Amino acid sequence: MLYSKRAIDIRDIYGECLILPMIMVKTIKGDIYEPGLQKVKEVICKRIRQITPELSIEKEIFDSQQTLDKLCLMSGGHVRNLLLLTQDAIGRADELPITEKEVRQAVTQARDTYRRAVEDHQWCLLAEISRSKRIINDDQYRSLMYNRCLLEYRYLDDEGEMQRWYDIHPLIQGIAEFKEAVAKFP
C-alpha cells in the first residue's frame, strides 16, 4: 500500500512508515557486495549457533564457503527466503555438512514456486526490470513486489541521499520463461 495512491493517507494516519529493503548481496551492476553477503551469513550463523554453537558454519554445517555463498546469494538478501532455503537444504541432507547438491535442490524447489507465481504477461516486465533496475508505480509492478518476484534495495550515495533500485529475485534468473523474455530484449 505504500506504493499506491493511498500512501499519503497511510502516512497521515500512521505517521512515517518504514520500508524494510533487502540486504544488498549484489550491487546494482551485479557484483557481489561483500558487506551484505557477510550480514546474510551472520543471520544464518546466529540461527545455527542457537542449536549447535560448536560447529563451523563454512566447514561443518556447509561443505564449503562456495555452498554457503550460493545459498546466501540465491536468497537475494531476503531474510525469510534465506531461512526457508536453509531449512529446505537442511531437510534434504541426511547428515551434515550440507552439500552443494542439497542447496541446488532447495533452490530448484523454490524456483518452481516463483515460476508458478508469475503470470505469463509478467515475464517481459521482469526482463525489463532486470535490465533497467527501475519500476513504474502501478498495479503490475506492485503485484510483482507483493509476491517478492521484485526486490527493493537501498543505499546512501556519496552525498548521503537515500537511493533505491530494484531487481528480480535471483531465483527467477534460472527460469526458462524469464530467459526467453530476456532474449527478446536488445
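Keep in mind it's a predicted model, so treat the numbers as computed, not measured.
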With a 4.5 Å heavy-atom cut-off, do M145 and Y166 have their side chains touching?
yes
Residues forming a salt bridge (charged side-chain N to carboxylate O under 4.0 Å, His left out) with K179, sequence neighbours excluded:
none
Would you check, one step at a time, whether the test side chain to side chain contact (heavy atoms under 4.5 Å, CB included) holds for I32 with V25?
CA-CA 6 Å; I32 292 175; V25 293; over 6 Å; no
Would you say K133 has more than 12 foreign heavy atoms packed within less than 6.0 Å of its NZ?
yes
Just wondering, do F62 and I44 contact through their side chains at under 4.5 Å, heavy atoms?
yes
Does a side chain donor of either Y146 or D139 reach within less than 3.5 Å of an acceptor in the other side chain?
no
Show, in sequence, the C-alpha distance, side-chain angles and deciding distance for Y114 and N81, and conclude whether the side chain to side chain contact (heavy atoms under 4.5 Å, CB included) test is met.
CA-CA 11 Å; Y114 276 85; N81 282 162; 2.9 Å; yes
Which pairs, with at least one residue in residues 46-56 and sequence neighbours excluded, count as a salt bridge (Lys or Arg N to Asp or Glu O under 4.0 Å)?
E42-K46
Taking side chain to side chain donor-acceptor pair (under 3.5 Å) as the test, write out the residues that go with Q50, two or more places apart.
none
Results of salt bridge (charged side-chain N to carboxylate O under 4.0 Å, His left out) for E180 - residues two or more places apart only:
none
Roughly how far apart are D69 CG and L73 CG, rounded to 0.5 Å?
6.0 Å
Is there side-chain contact between I175 and R111, with heavy atoms separated by less than 4.5 Å?
yes
For K26 versus W165, what's the shortest heavy-atom pair and its separation?
O-CZ2, 3.4 Å
Heavy atoms only: give me the nearest T67-I98 pair and the separation to one decimal.
CG2-O, 3.9 Å
side-chain hydrogen bond (donor to acceptor under 3.5 Å, both in side chains) pairs, two or more places apart, involving residues 101-110
T99-E102, E100-R104
Check ring-ring contact (aromatic ring centres under 6.0 Å, His included) between Y33 and all other residues, then give those that pass, not counting sequence neighbours.
none
Please collect all salt bridge (Lys or Arg N to Asp or Glu O under 4.0 Å) contacts where either partner lies in residues 57-66, sequence neighbours excluded, each pair once.
K41-E58
Heavy-atom side-chain proximity of I61 to P97 below 4.5 angstrom:
no
Under a 4.5 Å cut-off applied to non-hydrogen side-chain atoms, are R154 and Q163 in contact?
no
Test ring-ring contact (aromatic ring centres under 6.0 Å, His included) applied to Y141 - qualifying residues, sequence neighbours left out:
none
Check which hydrophobic residues are tied to L84 through side-chain heavy-atom contacts below 4.5 Å, counting indirect links as well, and list them.
none
Got a list of side-chain donor-acceptor pairs under 3.5 Å for residues 85-96, not counting sequence neighbours?
residue : atom : partner : partner atom : Å
T86     : OG1  : L82     : O            : 2.7
D88     : OD1  : R92     : NE           : 2.9

Within a radius of less than 6.0 Å around CG of D120, do more than 12 heavy atoms belonging to other residues, nucleotides or ligands occur?
no
Do R80 and S75 come within less than 4.5 Å of each other through their side chains, counting heavy atoms only?
no
Could you tell me which residues satisfy salt bridge (charged side-chain N to carboxylate O under 4.0 Å, His left out) with R115, sequence neighbours excluded, listed by chain and number?
D112
Decide yes or no on side chain to side chain contact (heavy atoms under 4.5 Å, CB included) for N137 and R142, but give the supporting numbers first.
CA-CA 7 Å; N137 193 15; R142 274 191 290 279; 2.8 Å; yes
To the nearest 0.5 Å, atom NZ of K39 lies from atom SG of C72 at 13.0 Å
Looking only at non-hydrogen atoms, find the nearest pair between W123 and E177 and report the distance.
CE2-CB, 3.4 Å
Please answer whether the main-chain N or O of I172 pairs with a side-chain N or O of H169 as donor and acceptor at a distance below 3.5 Å.
no
Heavy-atom side-chain proximity of I168 to L150 below 4.5 angstrom
yes
Hydrophobic cluster of L156, others only, ordered by chain and residue number, side-chain cut-off 4.5 Å:
M162
Is there side-chain contact between V40 and L71, with at least one heavy-atom pair below 4.5 Å?
no
Minimum heavy-atom separation for A110 to L171, with atom names?
CB-CD1, 3.7 Å
Shortest non-hydrogen contact from L151 toward P170:
CD1-CD, 4.1 Å
Note: S130 and D167 closest approach over all heavy atoms is CA-OD1, 3.7 Å
